[in-house]
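Notes to accompany the following structure.
All of these numbers come straight from a predicted model, not from anything done at the bench. In what follows, chains carry the letters A, B, and so on, assigned in the order in which the sequence lines appear, proteins first and then strands, with residues in each chain numbered from 1.
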Protein chains: 2
Amino acid sequence: MISATLNSEAFAQKLAHSGLRNTPQREVVYSALLTRRDHPTADEVHARVRAELPTISLATVYNCLETLVQCHLVRAVNFERGPTRYCPNLQPHAHFHDEATGATFDIDLPSDLLAKIKSVLPDGYDADAVEITFRGKTTATR
Amino acid sequence: MISATLNSEAFAQKLAHSGLRNTPQREVVYSALLTRRDHPTADEVHARVRAELPTISLATVYNCLETLVQCHLVRAVNFERGPTRYCPNLQPHAHFHDEATGATFDIDLPSDLLAKIKSVLPDGYDADAVEITFRGKTTATR
DNA sequence: GTAGGAATTAGAACTATTCTAAACTGGCTG
DNA sequence: CAGCCAGTTTAGAATAGTTCTAATTCCTAC
């Protein structure tokens, strides 16, 4: 089973919508992202997924993640030149990257602020997406 | 000579302030960024700089760029997994990345908006920097 | 002048990712 | 139900961008 928020059939539907099949590998990769929403790298996903599918290859994990990104079930997130991280949170949100620990946190973005940010673009710039990333440290009171 | 906006002595000062020496390589790398502010990659900087210093190595270009970033003369900018690009614009600003051409544009950010963006961070998150990147296309009217 | 640290260099090494080609799977046709 | 075909998975090779290593060169201070 995939999650409380998206069952196997709905998942298969989303894939089918892009002309893709559901497979055990894709399900398990997706569910690995949902069960611990900590923005893992492809390597980390690979390690976790092996518990369930011990023979899955890293290439397949990359393929599955890419597939999930393409059908908008997952977002890819990059910090500097670090390895790509994956995030199943589809709400518009910013990321906070703790430089000391490497941990990543989702930060909610009020939609009016998002609109205001997009409105700084001069004429002739047509944005599909905006990415907002904070870098810094987190403290105990969080 | 380095630029209309920062002469060789001021440049050397900035370096000295971080305990670093001025060198021909560092000057030329920096000036390559200033003369065409188009966010070149390390490879592109290398190609340009060779016109002046034909024997400069790519490793040195990387070293110089890293040095300039460390003493806050230059910003490093990343889009997805693409090669790092370098930007001598130190004003707070966002970047617009044209997906069709790969070109990068600086977008001014009103300081009140920047403040508003930083204020979405809950307690316990202490941001040193925020990066804002738009992806999309540019049109003729720009 | 010379010692010693800083900077440069060529090339090797490394990391994250993508590519390649072969094997496998699973539904649809006849 | 056998066979086909496209989609998928896989291991391993290849690639791109960057960093590392070790040797050399360059300053700067004594």
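Residues B:T84 and A:C64 both approach DNA chain D. Their nearest nucleotides, taken by heavy-atom distance, put A:C64 toward the 5′ side. For B:P24 and A:N78, each mapped to the nucleotide of DNA chain C holding its nearest heavy atom, the one lying further toward the 5' end belongs to B:P24.
Residue contacts for B:N63: at a heavy-atom cut-off of 4.0 Å it reaches a base atom on one of the strands shown. Nucleic acid contact for B:T55: sugar-phosphate only, since backbone atoms but no base atoms lie under 4.0 Å from a heavy atom of the residue. Within 4.0 Å of B:T60, counting heavy atoms only, lies at least one base atom of the nucleic acid.
Applying the side-chain hydrogen bond (donor to acceptor under 3.5 Å, both in side chains) criterion to A:Q25, with sequence neighbours excluded, gives no partner residue. Residues meeting the ring pair (Phe, Tyr, Trp, His ring centres under 6.0 Å) test with B:Y86, sequence neighbours left out: none. With sequence neighbours left out, the side-chain hydrogen bond (donor to acceptor under 3.5 Å, both in side chains) criterion links B:D38 to B:R36, B:R48. Taking B:R50 as the reference, nothing meets the side-chain hydrogen bond (donor to acceptor under 3.5 Å, both in side chains) condition, with sequence neighbours excluded. Contacts of A:K116 classified as side-chain hydrogen bond (donor to acceptor under 3.5 Å, both in side chains), with partners at least two apart in sequence or in another chain: none. In terms of the side chain to side chain contact (heavy atoms under 4.5 Å, CB included) criterion, residue partners of A:E80 (sequence neighbours excluded) are, by chain and number, A:R135, B:N78, B:E131.
Using modelled atom types, no side-chain atom of A:T60 and backbone atom of A:I56 make a donor-acceptor pair closer than 3.5 Å.
The span of DNA chain D lying next to chain A, judged by atoms under 4.0 Å from heavy atoms, is bounded 5' to 3' by D:dA6 to D:dT18. Contacts between chain B and DNA chain C, taken as any atom within less than 4.0 angstrom of a protein heavy atom, begin and end at C:dG5 to C:dT17.
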Please tabulate, for the side chains in residues 101-111 of chain B, all donor-acceptor contacts under 3.5 angstrom to protein atoms that are two or more places apart in sequence or on a different chain.
unit_1 : atom_1 : unit_2 : atom_2 : d
B:T101 : OG1    : B:A103 : N      : 3.0
B:T104 : OG1    : B:H97  : ND1    : 3.4
B:D106 : OD1    : B:H39  : NE2    : 2.7
B:D106 : OD1    : B:H93  : NE2    : 3.4
B:D106 : OD1    : B:H95  : NE2    : 3.2
B:D106 : OD2    : B:N89  : ND2    : 2.8

